[in-house]
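Nothing fancy with the numbering, it's 1 onward along the sequence.
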Amino acid sequence: TQGNLLSVEEHQKVGGAGALIAQALLLSGVHCRMKTLAVEGEFGRSAYSAQELYDHYGLGAEAIVQSLESWLN
């Protein structure tokens with residue numbers, strides 16, 4: 001990944017899996033550039049399908065690709 005890490009999670013960004021991964025890497029001496037796509041400070045919602053929620057929170061496949069393209073270019 002050439003030192004780049006993207007975490008995508010369907011939970012809160014603060015205190016989420018991405019934060020745990022970042023801490024573990026730093027404590028192990030691994031330095032990388034990191035971006036996290038996650039829910040940002042909103043309470044959970046319900047929807048007919050998981051895809052609806054992913055799209056709402058910007059966590060769907062299209063959003064991931066767009067985010068990576070703008071971040072890495």
Side-chain angles (χ1 to χ4, degrees):
T1 64
Q2 299 176 352
N4 297 305
L5 174 65
L6 173 69
S7 74
V8 180
E9 54 189 288
E10 56 188 17
H11 299 285
Q12 295 294 321
K13 180 184 282 187
V14 175
L20 294 173
I21 292 167
Q23 180 184 23
L25 289 170
L26 286 171
L27 290 174
S28 298
V30 176
H31 298 279
C32 63
R33 198 170 74 132
M34 184 171 181
K35 179 175 180 81
T36 300
L37 297 180
V39 177
E40 297 202 40
E42 293 183 41
F43 288 106
R45 299 172 46 135
S46 51
Y48 181 73
S49 71
Q51 189 60 52
E52 287 179 54
L53 290 174
Y54 296 153
D55 292 341
H56 172 78
Y57 290 111
L59 305 174
E62 258 184 59
I64 293 169
V65 170
Q66 289 175 356
S67 180
L68 281 171
E69 286 176 344
S70 67
W71 183 46
L72 297 176
N73 289 331

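When every heavy atom of Ala63 is checked against every heavy atom of Gly58, the shortest pair comes out as CB-O, 3.3 Å. Taking each heavy atom of Leu25 and Cys32 in turn, the nearest pair found is CD1-SG, 4.0 Å. The shortest heavy-atom contact between His31 and Leu26 is ND1-CD2, 3.5 Å. Nearest approach of Gly16 to Glu9, heavy atoms of both residues: CA-OE1, 3.3 Å. Across Leu37 and Ser67, no two heavy atoms sit closer than the pair CD2-OG, 3.7 Å. Looking at every heavy atom in both residues, Arg33 comes nearest to Asn4 through NE-OD1, 3.0 Å.
Cluster annotation: Val14 is not connected to Met34 through the hydrophobic network of ILVMFWY side chains, with a link wherever side-chain heavy atoms come within less than 4.5 Å. Transitive grouping of hydrophobic side chains (ILVMFWY, heavy atoms separated by less than 4.5 Å) keeps Ile64 and Leu5 in distinct clusters. A continuous path of hydrophobic side-chain contacts links Trp71 to Val8 [ILVMFWY only; heavy atoms under 4.5 Å]. At a threshold of 4.5 Å between side-chain heavy atoms, the hydrophobic network of Ile, Leu, Val, Met, Phe, Trp and Tyr places Tyr57 and Leu6 in one connected group.
Under a 3.5 Å cut-off, the side chain of Gln12 and the backbone N or O of Ala38 do not form any donor-acceptor pair. A donor-acceptor pair under 3.5 Å is formed between the side chain of Ser70 and the backbone N or O of Gln66. Of the possible donor and acceptor atoms, none in the side chain of Glu52 sits under 3.5 Å from a partner among the backbone N and O of Ala47.
Remark: Glu42 CD is packed, more than 12 non-hydrogen atoms of other residues, nucleotides or ligands lying under 6.0 Å away. Around the NE2 atom of His11, the shell of radius 6.0 Å holds no more than 12 heavy atoms that belong to other residues, nucleotides or ligands.
Atoms OG and CG, on Ser49 and Asp55 in that order, are 8.0 Å from each other to the nearest 0.5 Å.
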